[in-house]
Amino acid sequence: MVEAVIRHDWTREQVAALFALPFNELLFRAHTVHRAHHDPQAVQVSTLLSIKTGGCPEDCGYCSQAARYHTGVQAQKLMSVDAVVARARAAKEAGASRFCMGAAWRSPKDRDVAKVAEMVSAVKALGMETCVTLGMLSGEQADTLKDAGLDYYNHNLDTAPDFYGEIIHTRQYQDRLDTLAHVRAAGLKTCCGGILGMGETREQRAGLLQTLANLPEQPESVPINQLIPIPGTPLAGSEPVDPFEFVRTIAVARILMPRSVVRLSAGRQQMDDAVQALCFFAGANSIFYGEKLLTTGNPETEHDRQLFARLDLHPMELHPMELAEPAGAAHAGFGQHACATADAA
Ligand code: SAM
Ligand code: DTB
Ligand code: SF4
């Protein structure tokens, strides 16, 4: 199978034309691209922890952690390194290979970055990949995190440039692009995606994916979130996105960004198992695993283990360079997938 060329010159019309393909045609094309670049049975498994919750000065219209909305989320200060490491260890024992730490900051202070750098080094020493999402970052702060051993920085574009101003007013799209540039310059991998179901049009969904694909380097990880409507936020009453439109968006992301790992991110708890299965067929190959995202719920771990078994999926292996322990140790919670694969071959 010939690998697809990575393009950075997608037009909005070309992306919209992919969205407009007949559903089965789109899924066939996306799955063909998926198989050319990825093991279709392997799904990357990340666990998320909110290391600093609530009290954020930004006004992101979807967010439970913005101080200005009355969402009932209790603000909590930055967790201790020991407490974070204990949660990372438990996540690893349950089968996660990457630990993602999120903080409700507009941008961290240097002393916050120093503390997060300690967390990163300690989690990395467990043999897990690390990801953090801390808001806007300077070039020096990105370098500090890279030196601590950080693998990924999550910073989402969230939506199309022409819709962003309707969702967030306390920063500009360009601020997000600047932080992404600092992250790339530091040699970190980028985790960058968006949210569906905020009232955007299909053309704007195409605009988000077009912007992601045309970045100077396509993000290694692309989280596609379904809005979790939070009472008290401006987007609490948003119309849910049609599940098939969600699947189409995953499929178009897969075609545009053939090598990226596409994460079926927030919203799985609200999503039917069959829709999730379609997302995996369309090219999603990463999930958040563990019963909580940052402030909202996620499917029960046992349910996800059974979903993997029912769909013959297995956790994606870490790159050998990432492993502090033999392969398989990171997948304790998911059983002996390697044998099952070998038997079937
Ligand atoms: N404060 C940092 C920032 O905004 O970059 C990091 C944390 S922020 C919560 C990370 C991402 O979570 C957001 O960019 C957004 O894409 C996603 N997110 C937040 N609330 C959400 C919700 N209610 N539904 C779906 N996705 C959400
Ligand atoms: C991302 O794209 N989704 C995650 C992660 N990056 C940090 C966050 C989802 C948050 C869902 C709402 C909540 O739990 O507060
Ligand atoms: Fe703050 Fe991030 Fe929530 Fe926006 S998404 S309000 S920056 S925590």
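In listed order, ligands and their atoms are each counted from 1. None of the values given here were measured: they were computed from a predicted structure.
Under the 3.5 Å distance criterion, the side-chain polar atoms of Q218 are left unmatched by any main-chain donor or acceptor of L215. Panel note: side chain N298, backbone E291; no donor-acceptor pair is recorded below 3.5 Å.
Among all non-hydrogen protein atoms, the one lying nearest atom 12 (C) of ligand 2 is T296 OG1, 3.6 Å. At the top of the distance list for atom 4 (C) of ligand 2, counting protein heavy atoms only, stands F288 CE1, 3.6 Å. The protein atom (non-hydrogen) at minimum distance from atom 1 (Fe) of ligand 3 is C56 SG, 2.3 Å. The nearest protein atom to atom 10 (C) of ligand 2, hydrogens excluded, is given as L294 CD1, 4.0 Å; this is a heavy-atom distance. For atom 6 (N) of ligand 2, the closest non-hydrogen atom of the protein is N154 OD1, 3.3 Å.
Less than 4.0 angstrom separates some heavy atom of S265 from each of these atoms of ligand 2: 1 (C), 2 (O), 3 (N). Each of the following atoms of ligand 3 lies closer than 4.0 Å to a heavy atom of Y62: 5 (S). Interface of T295 with ligand 2, defined as ligand atoms under 4.0 Å from a residue heavy atom, comprises 13 (C), 14 (O), 15 (O). Near S64, meaning under 4.0 Å from one of its heavy atoms, ligand 2 places the atoms 15 (O). Shown in contact with T133 at under 4.0 Å from a heavy atom are these atoms of ligand 2, numbered in order with element: 7 (C). Ligand-side atoms of ligand 2 in range of N156: 1 (C), 2 (O), range being under 4.0 angstrom from any heavy atom. Interface of A104 with ligand 3, defined as ligand atoms under 4.0 Å from a residue heavy atom, comprises 8 (S). Which parts of ligand 2 touch L48 is read off a 4.0 Å heavy-atom cut-off, strictly below it: atoms 4 (C), 7 (C), 8 (C).
Using a cut-off of 4.0 Å between Lys/Arg side-chain N and Asp/Glu carboxylate O, K189 and E220 are scored as not salt-bridged. A salt bridge is absent between R202 and D242: the closest approach of a Lys/Arg side-chain nitrogen to an acidic carboxylate oxygen does not fall below 4.0 angstrom. Contact check on D151 versus R98 returns no salt bridge, with no Lys/Arg side-chain nitrogen under 4.0 Å from an Asp/Glu carboxylate oxygen. Between E245 and R205, at least one side-chain N (NZ, or NE/NH1/NH2) sits under 4.0 Å from a carboxylate O, which counts as a salt bridge.
Using a 30° and 60° split on the angle between ring planes, Y164 and Y173 fall in the perpendicular class, above 60°. Between H38 and H34, the ring planes are parallel. Angles under 30° get that label, and only those over 60° would be called perpendicular.
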Next on the checklist: Is there a salt bridge (Lys or Arg N to Asp or Glu O under 4.0 Å) between R268 and D304? Walk through the geometry before answering.
Outcome noted: CA-CA 10 Å; R268 284 197 311 114; D304 277 342; 2.7 Å; yes
Checklist entry - Hey, mind stepping through L48 and L294 against side-chain contact (heavy atoms from CB on, under 4.5 Å) and telling me if it holds? => result CA-CA 7 Å; L48 187 54; L294 291 172; 3.8 Å; yes
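Using modelled atom types, one finds no donor on one side chain facing an acceptor on the other under 3.5 Å when comparing S121 with E118.
Under a 4.0 Å heavy-atom criterion, Y62 is not in contact with ligand 2.
When non-hydrogen atoms are compared, ligand 3 lies under 4.0 Å from the side chain of C63 (C-beta onward) but not from its backbone. Only the side chain of R171 comes within contact range of ligand 3, with a heavy atom under 4.0 Å; no backbone atom does.
Distance check, rounded to the nearest 0.5 Å: CG of D178 to CG of L137 gives 12.0 Å. Annotation: the span from Q210 atom CD to E13 atom CD amounts to 8.0 Å, rounded to 0.5 Å.
If you run side chain to side chain contact (heavy atoms under 4.5 Å, CB included) between Y153 and each of L180, T130, L134, T190, only L134 comes through.
Residue-level contacts of ligand 1 at the 4.0 Å heavy-atom threshold are Y62, A103, W105, T133, G135, H155, N156, D158, R176, I195, N225, Q226, L227, I228, I230, A266, L294.
Ligand 2 has a nitrogen or oxygen under 3.5 angstrom from a nitrogen or oxygen of N225. Checked against a 3.5 angstrom limit, the closest N/O atoms of P223 and ligand 2 fall outside it.
In terms of hydrophobic clustering, with Ile, Leu, Val, Met, Phe, Trp and Tyr side chains grouped at heavy-atom distances under 4.5 Å, V252 and L27 are assigned to a common cluster.
Distance check for atom 5 (S) of ligand 3: a protein heavy atom is found below 4.0 Å.
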